[in-house]
Amino acid sequence: MAFKLEDFTKEPKIAYFSMEIGLRNDIPTYSGGLGILAGDTIKSAADLSLPLIAVTLVSRKGYFRQRLTEKGTQIEEPCGWEPSRLLFELPQRVSVWIEGRQVWIRAWVYVVESITGGRVPVFFLDTDLDENAPQDREITHYLYGGDLAYRLKQEAVLGIGGVRMLGELGFEIKKYHMNEGHSSLLTVELLRRFRKDIEEVWDERLVWDDERVRSLCIFTTHTPVEAGHDRFPYDLVKRILEPVVPLHVLQRFGGEEVLNMTRLGFNLSRYINGVAKKHGEVSKQLFPGYVIHAITNGVHSYTWTSAPIKRVLDKYIPGWANEPELLVRAGRIPSDELWDAHMEAKRILFQYIKEATGEELNPEILTIGFARRATAYKRPYLLFYDIERLKRIGSGRLQIVMAGKAHPKDEPGKKIIEKIFEIKNTLRDHIRIVYLENYNMDIALKIVSGVDVWLNTPLRPLEASGTSGMKAAHNGVINFSVLDGWWIEGHIEGYTGWAIGPMPTANHPEPDTDKRDAEDLYNKLENVIIPMFYENRHIWTKIMENSIGKIAYYFNSHRMMRRYVTEAYIK
Ligand SMILES: *Cc1c(COP(=O)(O)O)cnc(C)c1O
């Protein structure tokens, strides 16, 4: 690949920092929603020719490859990849001091090119260099691997190293956009860079030009629970980080007791946002005193639409991929053609399932999909809350396709997968359940387009946004979800899909939330969804059409990026 740096350094850029970025399946530097969102952000920026560049870590060993034993026990295998196969190595080097050693960093670049001509370079930082000590060569190996010290080192490379690398490459940056707190240390490097001349200024506040840093920074939070935010004790910080700024300055912006990366990012950003309207509200309660906006997430329409659906969209709504607003005219698509395209996507998924597991599913049977990180708050078990009832409702009329990795340290998450495997065997003669291994971008596209109903059952209010339901909607797959995150904004009962459980205004969580939510889920499945699927294909395809015309038309990353431009980037 030829890469000319000068093509990109001529105009000032917005620098988008993310610990994980999911651009394509064979660059395994993502673990889930956060990384996929970053990838979709970059793709839309390229389509819209926005002056954006991105920075991440090279994560040479990827996240991990998931194997599942017959009992559903997760085995994690390294998922190494070779950057030189797809990326271009740049000659520039920068360094950061970590644990008293100078750690050298290089960057690899991958350019996302749009058919519109827009190009966005993504810089993958890498410490695996001969000149580094052996332990430092591994800093950019494992995405979300290792202990707290390892994470802090990674964040130093990403935040501090990233800013230095962009400077070394000759970029002028007009905004720094932090996608979550993993890159918050970039603010500290900016404080150092813009320090006023100490000879002249005596007020300590003025020495650190935090106002200038703030005017450059944007912070997007994704975590609606306090415990989910990265924090580091200061003795660890002192041991590992070079003193870019004095400790008391770090404490002023990042918290007195522990270094809280979200607070650091918040205190040094002029624009802060959550990723759905509800999440913005929840974030305000978590962090009183900050002005927190909301820009609801979206997905990259072209990436997340299956080939058969693309064909009908191209036929009836030409131009939709780079102007997803046009999907508002989904009503032009004849229902039988939409249905046929959907059945084609269903066959593609079922073919894959047959190859991967040997299971043969029946395309005539209503198929529910559930795939996402296997973790307790997403409640993958809610559908199985009352096995007997599920059996009564769904015997011979329902099939279920699931997938998802549990984080290697998430023991409850791993237990959930085992539990589902047990249920899969119990229900075998009544309801077919398939659990696909190694959920990734390719499998995600197959599942979100190849099932009939997309189920999401998070414990409110813990789903900041969620994006897989938006992918499903792009494919005419109908959402059936708890009213949390983005779905609060997309849901019209019986028109764009169905809700599970209480209205979003209800208090949460209640002690018997699982029971009540499960009851509502079963009631709707039994009385509304199953009868409609088998007896009223006309209404069913209407809701499929609305999924495209009312949901995909809005919940795409083109709309999201236009929001970031007008609300955050050009202010
Ligand atoms: C879209 C996507 C996610 C995010 O799914 P949610 O349901 O929003 O949590 C996670 N992993 C992969 C591989 C995805 O494609």
Side-chain angles (χ1 to χ4, degrees), residues 18 20-41 43 62-66 79 143-144 179-180 222-224 228 274-276 278-279 296-306 349 352 368-380 382-383 401-407 410 413 416 436-451 453-475 477 479-482 484-490 497 500 551-552 555-557 560:
S18 185
E20 51 170 314
I21 295 183
L23 290 168
R24 43 190 273 181
N25 209 48
D26 52 359
I27 303 186
T29 58
Y30 64 92
S31 84
L34 184 75
I36 305 290
L37 176 80
D40 286 1
T41 295
K43 289 173 192 170
Y63 183 45
F64 67 89
R65 208 201 116 75
Q66 178 198 51
C79 178
L143 178 62
Y144 304 132
N179 189 40
E180 234 347 326
H222 296 259
T223 318
V275 289
K278 170 77 181 282
H279 177 235
T296 304
N297 282 343
V299 298
H300 188 249
S301 301
Y302 191 77
T303 301
W304 294 111
T305 304
S306 70
L349 170 65
Y352 175 78
I368 294 184
F370 185 105
R372 47 184 56 81
R373 201 149 45 85
T375 192
Y377 91 82
K378 303 251 190 192
R379 298 193 296 179
L382 195 78
L383 180 59
V401 179
M402 305 185 81
K405 297 176 183 176
H407 184 276
D410 182 358
I416 290 172
L436 291 170
E437 32 176 46
N438 200 39
Y439 190 46
N440 60 28
M441 291 178 73
D442 279 357
I443 298 175
L445 177 59
K446 289 193 178 79
I447 307 185
V448 297
S449 61
V451 297
V453 168
W454 191 251
L455 179 71
N456 192 14
T457 51
L459 186 64
R460 296 178 312 130
L462 301 184
E463 186 82 309
S465 167
T467 52
S468 60
M470 305 173 187
K471 300 172 192 166
H474 272 78
N475 292 283
V477 168
N479 279 274
F480 179 32
S481 295
V482 164
D484 201 12
W486 79 276
W487 185 230
I488 298 172
E489 295 160 56
I500 298 166
I551 296 177
F555 295 94
N556 57 73
S557 47
M560 175 185 81

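Read the numbers this way: they start at 1 and go in the same order the structure lists the ligands and their atoms.
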**Message:** I need the atoms of ligand 1 closer than 4.0 Å to a non-hydrogen atom of Gly466, numbered in the order shown.
**Reply:** 8 (O)
**Item:** Numbering as shown, the atoms of ligand 1 that approach Gly32 to under 4.0 Å (heavy-atom distance)
**Value:** 10 (C), 11 (N)
**Fill in**
A student checking ligand 1 against Gly33 at a 4.0 Å heavy-atom cut-off should list atoms 3 (C), 4 (C), 10 (C)
**Asked** Using a distance-only test with no angle check, is there a side-chain donor-acceptor pair under 3.5 angstrom linking His474 and Thr305?
**Response** no
**Asked** Does a donor on one side chain sit under 3.5 Å from an acceptor on the other, for Tyr30 and Asn25?
**Response** yes
**Item:** Geometric cation-pi criterion Lys405 and Phe64, 6.0 Å radius, 45° cone
**Value:** yes
**Asked** Under 3.5 Å, is there a donor-acceptor pair linking the side chains of Asn179 and Ser18?
**Response** yes
**Request:** List every atom of ligand 1 that sits less than 4.0 Å from any heavy atom of Ala444, numbering the atoms from 1 in the order shown and giving each element.
**Result:** 15 (O)
**Heavy atom of the protein closest to atom 9 (O) of ligand 1 (residue, atom name, distance)** = Lys378 NZ, 2.7 Å
**Item:** Atoms in ligand 1 flagged as close to Lys471, the criterion being non-hydrogen separation under 4.0 Å
**Value:** 1 (C), 2 (C), 3 (C), 14 (C), 15 (O)
**Message:** Counting non-hydrogen protein atoms only, what is the nearest one to atom 8 (O) of ligand 1? Give residue, atom name and distance.
**Reply:** Thr467 N, 2.7 Å
**Request:** Just grab all the salt bridge (Lys or Arg N to Asp or Glu O under 4.0 Å) pairs involving residues 23-34, residues at least two apart or on different chains.
**Result:** Arg24-Asp26
**Request:** Show your working on salt bridge (charged side-chain N to carboxylate O under 4.0 Å, His left out) between Glu437 and Arg65 and close with a plain yes or no.
**Result:** CA-CA 9 Å; Glu437 32 176 46; Arg65 208 201 116 75; 3.8 Å; yes
**Request:** Quick one: look at Asn456 and ligand 1, take heavy-atom pairs under 4.0 Å, and tell me if it's side chain, backbone, both or neither.
**Result:** neither
**Sub-4.0 Å atoms of ligand 1 with respect to non-hydrogen atoms of Ser468** = 5 (O), 6 (P), 7 (O), 8 (O)
**Message:** Tell me every residue that passes side-chain contact (heavy atoms from CB on, under 4.5 Å) with Arg373, counting only those two or more places apart in sequence or in another chain.
**Reply:** Thr375, Tyr377, Lys378
**Asked** What are the atoms of ligand 1, with element, lying closer than 4.0 Å to any heavy atom of Arg372?
**Response** 7 (O), 9 (O)
**Request:** Evaluate the ring planes of Tyr144 and Tyr63, with Trp represented by its six-membered ring, and classify them as parallel (under 30°), tilted (30 to 60°) or perpendicular (over 60°).
**Result:** perpendicular
**Prompt:** Looking only at non-hydrogen atoms, which of Tyr439, Trp304, Phe370 approaches atom 11 (N) of ligand 1 most closely?
**Reply:** Tyr439
